[in-house]
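Accompanying notes for the structure given below.
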Amino acid sequence: MCYRLMVSINTNMDLSIQQTWPEQVLFMERVLTEKRLAHAYAFTGLDQAGKEALIEMILQTLVAEDTNQASPENIQQTYQRIADKQFPDVYYLKPEGQSLKVDQIRHLKEWLATSPVEANFKMAVIEQADLMNTSAANALLTFLEEPTADVYLILLCPDINKLLPTIQSRVQELNFPRQRMAQHMLLADDQEILTSHQEVLQALPYEISQDILIDYQAETFGKWLEAYNQFYQRLIAKDSLAMVQVQLQLKPFLSVKQSLQGLEYLWLLNYSLLKQDYAAAETFSPYFIQQIHQSAQYQVEDVLKLNQYLLNCKQKILANVSPQLAFEQLAIRTIR
């Protein structure tokens, strides 16, 4: 049964996804109709609602094609359980605390190895997959290397570059970029956010931008941006002064909260540099990033390595390592 026919009897599905993400819906409709559903996907981008709606669509289609669920009454009840995340053959995995741990992945693999309860398939959805520590990611990799028939895995993360390269190569990416915030933003006390700061906030993950807005002061945020911009330029140039900068200029902005926000911003800058050759219209592209690109005084391999170093730095901070120490280690590792 194809999706267009299925939705006519499904009153629970939010059909707005077809208008908001027509390309993603059409792609998945074709994959499902041709029975070419891959064993693993990474749903990237910042529209969490869009990702969840497409997952619901996939599950509904798989259930509708299952002869065990053939009656309209059964299907409608099952749709409701899917919407409520209560369908027994779907496993939703979330981080415990501030990271996804190896024991969680091992438990997931054990669950995936068992037979389905109601359907003829099993699916696992890993939320915030970018928070997997290295051990957890390596444990998941063993499953991805030897996929099982009728078992599907969907990883949710804002940026595929935050996953290990070995995992990236074994999943298919489907991107859901967040709808941009309003161009004119005001805080509760009518303090206007500078236009240049709006551009940064619009490009950052939504939850990060909202955290920043809570404490936003134009002068303080401007100094924060300047410190992280200069730190990134030293990292990409492998400048030994990156270490000194951590100890002097960055130190006032290395609370746990600010350092995690800073890492997201460094990821954004790194992604922007990688995207320069593609001239992507939606890519955040500060002038100094364009200058770095034009200078050609860096290797793409170094940019990709920096992604991994940033991920390692985040994992250390989430494991209660001092942010200053984690950033110093980041600088040392990068400038070698």
Side-chain angles (χ1 to χ4, degrees), residues 98-99 130-134 158-159 161-165 196-197 199-201 203-205 207-209 211-274 284-293 295 297-336:
Q98 295 182 315
S99 65
D130 53 307
L131 295 186
M132 282 188 289
N133 59 36
T134 303
D159 184 348
N161 291 310
K162 294 183 181 181
L163 301 175
L164 289 179
S196 59
H197 294 176
E199 293 173 354
V200 174
L201 292 169
L204 284 167
E207 63 276 11
I208 298 298
S209 64
D211 276 347
I212 291 173
L213 284 173
I214 292 172
D215 304 314
Y216 178 81
Q217 294 292 330
E219 182 178 358
T220 302
F221 187 63
K223 291 179 179 178
W224 182 90
L225 281 176
E226 181 181 4
Y228 277 98
N229 285 342
Q230 292 182 12
F231 184 57
Y232 180 79
Q233 292 176 73
R234 295 195 187 283
L235 288 178
I236 205 66
K238 297 185 177 182
D239 187 339
S240 60
L241 291 178
M243 168 68 93
V244 177
Q245 189 170 359
V246 173
Q247 299 167 347
L248 298 179
Q249 192 175 6
L250 268 186
K251 190 173 181 178
F253 306 108
L254 286 179
S255 68
V256 171
K257 181 178 179 179
Q258 289 176 312
S259 62
L260 292 175
Q261 292 169 349
L263 285 170
E264 291 289 347
Y265 182 59
L266 293 172
W267 260 310
L268 177 62
L269 295 175
N270 217 38
Y271 180 73
S272 178
L273 185 58
L274 284 170
F284 173 72
S285 180
Y287 180 66
F288 77 87
I289 290 291
Q290 298 175 38
Q291 289 183 312
I292 293 173
H293 174 69
S295 71
Q297 295 180 347
Y298 67 94
Q299 300 293 325
V300 173
E301 179 183 357
D302 293 331
V303 183
L304 295 174
K305 284 182 179 178
L306 182 53
N307 265 342
Q308 184 58 47
Y309 298 157
L310 293 171
L311 175 60
N312 292 340
C313 184
K314 179 178 181 179
Q315 290 173 343
K316 289 177 182 178
I317 294 172
L318 292 175
N320 295 321
V321 173
S322 158
Q324 180 172 339
L325 177 58
F327 269 73
E328 288 173 352
Q329 293 173 345
L330 167 65
I332 292 171
R333 193 170 185 183
T334 304
I335 65 181
R336 283 176 181 170

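Between R333 and K305, the closest side-chain pair of non-hydrogen atoms is not below 4.5 Å. At least one side-chain heavy atom of H293 sits under 4.5 Å from a side-chain heavy atom of L273. In this structure the side chain of L304 never reaches within 4.5 angstrom of the side chain of Q308, judged on heavy atoms. A 4.5 Å side-chain heavy-atom check between F327 and L263 finds at least one atom pair inside the cut-off. At least one side-chain heavy atom of V246 sits less than 4.5 Å from a side-chain heavy atom of L254. Side-chain contact between L318 and L260: present, with at least one pair of heavy atoms (C-beta onward) separated by less than 4.5 Å. For the pair Y298/I292, a side-chain contact is recorded, criterion being any heavy-atom separation below 4.5 Å from C-beta on.
Side-chain atoms of Q245 come within 3.5 Å of backbone N or O of A227 as a donor-acceptor pair. In this structure, the side chain of Q329 does not engage the main chain of C313 through any donor-acceptor pair within 3.5 Å. In terms of modelled atom types and a separation under 3.5 Å, the side chain of D302 and the main chain of I236 share no donor-acceptor contact. Y265 places no side-chain N or O within 3.5 Å of a backbone atom of W224 that could act as its donor or acceptor partner.
In this structure, K238 places its NZ atom where only 12 or fewer heavy-atom neighbours from other residues, nucleotides or ligands lie under 6.0 Å away. The local environment of CD in Q291 is crowded, with over 12 non-hydrogen atoms from other residues, nucleotides or ligands closer than 6.0 Å.
A pairwise comparison of heavy atoms in F253 and T220 identifies CE2-O, 4.1 Å as the closest pair. The two residues Q315 and T134 come nearest to each other via the heavy atoms OE1-OG1, 3.3 Å. When all heavy atoms of T334 and L235 are compared, the pair lying nearest together is CG2-O, 3.3 Å. Contact record, P323 with S259: CB-OG, 3.7 Å, taken as the closest heavy-atom pair. S240 approaches I335 most closely through the heavy-atom pair CA-CD1, 3.7 Å. Across K257 and D215, no two heavy atoms sit closer than the pair NZ-OD2, 3.1 Å.
Between D159 atom CG and E264 atom CD the span is 9.0 Å, to the nearest 0.5 Å. In this structure, W267 CH2 and L204 CG are separated by 12.0 Å, a value rounded to the nearest 0.5 Å. Rounding to the nearest 0.5 angstrom, the gap separating the NZ atom in K314 from the CG atom in L310 is 10.5 Å. Here the straight-line distance linking atom NZ of K316 with atom CG of L325 works out to 7.5 Å at 0.5 Å rounding.
A search for ring pair (Phe, Tyr, Trp, His ring centres under 6.0 Å) contacts involving Y232 returns nothing, not counting sequence neighbours.
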Self-check item: side-chain contact (heavy atoms from CB on, under 4.5 Å) between M243 and R234, intermediate numbers included
Solution: CA-CA 9 Å; M243 168 68 93; R234 295 195 187 283; over 6 Å; no

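Relative ring orientation between F221 and H197 is described as perpendicular, the plane-to-plane angle rising above 60° on a 0-90° scale split at 30° and 60°.
Residue pairs meeting the salt bridge (charged side-chain N to carboxylate O under 4.0 Å, His left out) criterion with at least one partner in residues 320-331, sequence neighbours excluded, are absent.
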